Amino acid sequence: MQMRLEVVQVPVSDVDRSKAFYIEKLGFVLDHDVEHIPGMRVVQLTPPGSATSVVIGTGMTTMAPGSLEGLQLVVPDITDVRTELVRRGADISEIQDLGGVLFAYFSDPDGNRWVMQGATPPGIRNAHKP
């Protein structure tokens with residue numbers, strides 16, 4: 001059996017504002033922006049290098065805007081990526097070292113909370129192998 005998580009819905013209140021945030025501030029790629037049926041707008045965005053996309057829009061979810069938390073972006077060099085996102089105008093926390101793994105945090109315009117994680121160093125990854 002094989003399963004791949006490919007799309008995650010992110011509840012937002014203003015689709016155009018959120019679309020601009022994800023594209024302009026975070027550098028996500030716009031896959032499509034369509035209205036399949038009246039009242040159901042689907043905007044699919046993919047983080048650079050990711051196999052999984054996010055979907056924002058209207059008429060798709062009952063989740064309250066801003067209620068999603070814990071989506072995690074793993075990046076090869078958190079310092080470089082954070083610097084670039086701050087340059088683009090994203091409000092991202094300082095980097096925190098949590099036991100050798102680096103993290104930073106940010107929210108989208110509605111308050112959906114994201115985590116950015118630096119790649120786990122091999123020494124830490126290997127320490128947890130049986």
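Every value quoted in this text rests on a predicted model; they were computed, and no experiment measured them.
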Side chain of [X], backbone of [Y]: donor and acceptor closer than 3.5 Å?
{"X": "Asn112", "Y": "Pro11", "value": "yes"}
{"X": "Thr52", "Y": "Leu5", "value": "yes"}
{"X": "Ser67", "Y": "Ala64", "value": "yes"}
{"X": "Ser18", "Y": "Asp14", "value": "yes"}
{"X": "Glu35", "Y": "Gly39", "value": "yes"}
{"X": "Arg88", "Y": "Glu24", "value": "yes"}
{"X": "Arg41", "Y": "Met60", "value": "no"}
{"X": "Ser53", "Y": "Gln44", "value": "no"}
{"X": "Thr83", "Y": "Thr79", "value": "yes"}

Least distance between heavy atoms, [X] atom then [Y] atom:
{"X": "Arg113", "Y": "Ser107", "value": "CG-OG, 3.5 Å"}
{"X": "Gly27", "Y": "Pro48", "value": "O-CG, 3.4 Å"}
{"X": "Val115", "Y": "Gly70", "value": "CG2-CA, 4.5 Å"}
{"X": "Pro47", "Y": "Leu73", "value": "CG-CD2, 3.9 Å"}

Val43 and its side-chain contact (heavy atoms from CB on, under 4.5 Å) partner, picked from Val10, Leu30, Asp16:
Leu30

Taking a hydrophobic cluster as the set of Ile, Leu, Val, Met, Phe, Trp and Tyr residues connected by side-chain heavy atoms closer than 4.5 Å, whether directly or through intermediates, do [X] and [Y] fall within one such cluster?
{"X": "Ile92", "Y": "Ile95", "answer": "yes"}
{"X": "Leu85", "Y": "Val54", "answer": "yes"}
{"X": "Val55", "Y": "Met40", "answer": "yes"}
{"X": "Met116", "Y": "Leu102", "answer": "yes"}
{"X": "Phe103", "Y": "Leu71", "answer": "no"}

Asp110/Arg17 salt bridge by N-O under 4.0 Å criterion
yes

Taking side chain as C-beta onward, heavy atoms only, is [X] less than 4.5 Å from [Y]?
{"X": "Glu69", "Y": "Trp114", "value": "no"}
{"X": "Glu94", "Y": "Gln96", "value": "no"}
{"X": "Gln117", "Y": "Val101", "value": "yes"}
{"X": "Leu45", "Y": "Asp31", "value": "no"}

Assess whether side-chain contact (heavy atoms from CB on, under 4.5 Å) is satisfied between Ile78 and Val75, documenting all intermediate values.
CA-CA 6 Å; Ile78 194 169; Val75 298; 3.9 Å; yes

What class does the angle between the rings of His36 and His32 fall in, given that below 30° is parallel, 30 to 60° is tilted and above 60° is perpendicular?
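Geometry flag for His32 against His36: perpendicular rings.
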
Geometric class of the Tyr22/Phe28 ring pair [parallel <30°, tilted 30-60°, perpendicular >60°]:
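If you compare the ring of Phe28 with that of Tyr22, the planes turn out tilted.
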
Going through the distances and angles, do Asp91 and Phe106 end up as a side-chain contact (heavy atoms from CB on, under 4.5 Å)?
CA-CA 6 Å; Asp91 183 15; Phe106 65 92; over 6 Å; no

